[in-house]
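Proteins get letters first, then strands, A, B, ... in listed order; numbering begins at 1 in each. Basis for what follows: all heavy atoms, side chains included, without hydrogens, waters or symmetry-related copies.
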2 protein chains.
Amino acid sequence: MKTHPVTGTLRSRRIARSRQRLVEIALPAFAEHGYDAVTVDRLCDQAEVSKRSFFRYFDGKEDLALTPLNDVWRTLITDLDAVLARSGPLLAVLGDALVDAVEQMPPGWERLAVLSARLGGTHPEIDAAGVVVCERLTQQVVDTIAARLSGTSGADLSARFVCAAMIAGHRAAVDTWQSAPGAETTATRAELCALIRTSLAGAPAALEIRLP
Amino acid sequence: MKTHPVTGTLRSRRIARSRQRLVEIALPAFAEHGYDAVTVDRLCDQAEVSKRSFFRYFDGKEDLALTPLNDVWRTLITDLDAVLARSGPLLAVLGDALVDAVEQMPPGWERLAVLSARLGGTHPEIDAAGVVVCERLTQQVVDTIAARLSGTSGADLSARFVCAAMIAGHRAAVDTWQSAPGAETTATRAELCALIRTSLAGAPAALEIRLP
DNA sequence: TAGCAAACTGGCACTCAGTGGCACTTGGCA
DNA sequence: TGCCAAGTGCCACTGAGTGCCAGTTTGCTA
């Protein structure tokens, strides 16, 4: 998704509506007919948005498919300066912020997020496209940490490991969350947040796992 | 790259040669003219391979661009069963195996790997394509660990964190390695292996980094 | 409130990665 | 040596994605 800050103007609200319409049409269609069988042309017809504009709103078809999940990362990116101004273990700070970002998602987000997560599970190239946003987040975290902890050797590498752990933990949580039976209609953000917290809490010890 | 085990037959050797020719033509061309400006058609003309066969050998243009780096992961995947039969901390076992895989790369690999790594740095979609192979590796590690440590709660999640750390550490090491001045001609696998070892050794403590 | 400029839209032609189908070629093995 | 499977290249095609441009809409200021 390309950046269009929602500022309350008619313009930005109209764009947000078109985007939302596309997401709401696309994800159920992908789930029902298959990602590859549903073309961008078809989605644009149904949403009454030109294809040219589609590609102005989204970075591509995969970006559309991942919108609900990527919106969480994008929210975290938006809030990042404030988040990184806090004190405490970086992993905990980012984990809390990630949970906050999930809680900020609009009503009804869960259904689309479950559909989106399921696509990632069956299409590696969609999953891979999710990496682009996460990498942007990681780079911003690294840059901010490097500036804030200048003088601490290896701070940037540490920040990279923390982000990698956070992303992996989030991924594991989302996988568990979407795979529960009936999740399309019953999944809650509270469940997802709990799964994220549990997952991230175990990360440091996880690195000590041994083969017997 | 699609799987074509190199078994010593004429057939498999011919395929390997065609692939290698494509990689050796593509990476310098990408570096000189830009990834987007160099088309698959053009590369196939130069390598005297049909485009149809190109897409039989590679999973796509990005896969071609990442071949040197992905060959490392693929080697690790091939060796994985033997690797995971060892004892010790999983991160160390995998880290050692990763270093072994780098050492197994053919002579001259360094130059192409540096070019490949630089593409990933400037084209997020290429970087993202590298995730596909890493995710395949991760899944195999997780499956094997789950089977081997059945009864240990959370073993699969731990394995995921370990793989995430290994991949992040490798990534950091490669970035440092390729960014050294003159790396196209002077980079050595010994340097890269040392960087990987150092990077991975710091992973557990990295998760404890604090914001002041 | 009107006018202007910037932001946005859609139509259209086009490129290029990627693929199915099929006839032909090559290699491996009994 | 013959047969069959693996592999090849040609060709037509699809669909994601983009540049260009004229027209429309919106926001802002005088």
Taking only the side-chain heavy atoms of B:Leu10 (C-beta and beyond), determine which of D:dG27, C:dA17, C:dG28 contains the nearest atom. C:dG28

Quick one: list whatever passes side-chain hydrogen bond (donor to acceptor under 3.5 Å, both in side chains) with A:Gln140, sequence neighbours left out. none

Starting from the first five and the last five pairs of the helix from C:dT1-D:dA30 to C:dA30-D:dT1, work out the angle between the resulting helix axes, to 10 degrees. 30°

Pairing residues for B:Glu110 by the side-chain hydrogen bond (donor to acceptor under 3.5 Å, both in side chains) criterion, not counting sequence neighbours: B:Arg189

B:Asp143: salt bridge (Lys or Arg N to Asp or Glu O under 4.0 Å) partners, not counting sequence neighbours: none

What N/O pairs connect the protein and nucleotides 5-7 of chain C at under 3.5 Å? Give each pair on its own line.
residue: C:dA6; atom: N3; partner: A:Arg11; partner atom: NH2; Å: 3.4
residue: C:dA7; atom: O4'; partner: A:Arg11; partner atom: NH1; Å: 3.3
residue: C:dA7; atom: N3; partner: A:Arg11; partner atom: NH2; Å: 3.1

Test salt bridge (Lys or Arg N to Asp or Glu O under 4.0 Å) applied to B:Asp100 - qualifying residues, sequence neighbours left out: none

Any N or O donor-acceptor pair linking the side chain of B:Arg56 to the base of D:dG9 at under 3.5 Å? yes

Rounded to the nearest Å, what distance is computed from the CZ atom of residue B:Arg13 to the C1' atom of nucleotide D:dA6? 16 Å

In chain order, what residues pass the salt bridge (Lys or Arg N to Asp or Glu O under 4.0 Å) check against A:Asp156, with sequence neighbours excluded? none

For atom CZ of A:Phe58 and atom C1' of C:dT9, their distance in whole Å: 16 Å

Donor-acceptor pair, side chain of A:Ser116 and main chain of A:Leu112, under 3.5 angstrom: no

A:Leu22 CG to C:dG10 P: how many Å, rounded? 11 Å

Hey, is the main chain of B:Gly182 close enough, under 3.5 Å, to the side chain of B:Thr186 for a donor-acceptor pair? yes

Specify the separation, in whole Å, of atom CD of A:Glu125 and atom C1' of C:dG18. 12 Å

Nearest whole angstrom, please: distance from the P of C:dC16 to the NE2 of B:His33. 15 Å

Pairing residues for A:Arg118 by the side-chain hydrogen bond (donor to acceptor under 3.5 Å, both in side chains) criterion, not counting sequence neighbours: A:Gln178, A:Glu184

Taking only Lys NZ, Arg NE, NH1 and NH2, and the carboxylate oxygens of Asp or Glu, determine whether B:Arg42 and B:Asp45 approach each other closer than 4.0 Å. no

Measure CZ/A:Phe54 against P/D:dG17 and give the value in whole Å, please. 7 Å

Listed once per pair and sorted, the ring-ring contact (aromatic ring centres under 6.0 Å, His included) pairs that draw on residues 114-137 of chain A, sequence neighbours left out: A:Tyr35-A:His123

Counting only side-chain nitrogens and oxygens, does A:Tyr57 get under 4.0 Å of the OP1 or OP2 atom of C:dT9? yes

Sequence neighbours excluded, which residues qualify as salt bridge (Lys or Arg N to Asp or Glu O under 4.0 Å) partners of B:Asp79? none

Please determine, for the side chain of B:Arg14, which listed nucleotide (C:dT9, D:dG17, C:dT26) has the closest atom? C:dT26

Between B:Ser18 and A:Glu62, which has a closest nucleotide on DNA chain D that is more 5'? B:Ser18

Strictly below 4.0 Å, heavy-atom distances to any atom of DNA chain C: list the hits from residues 38-52 of chain A, or just say none. A:Ser50, A:Arg52

Whole-Å distance, B:Asp36 CG to C:dA17 C1', equals 12 Å

C:dG10 P sits how many Å from A:Phe55 CZ, rounded? 14 Å

Name all pairs fulfilling the ring-ring contact (aromatic ring centres under 6.0 Å, His included) condition that reach into residues 100-122 of chain B, sequence neighbours left out, sorted by first residue then second. B:Trp109-B:Trp177

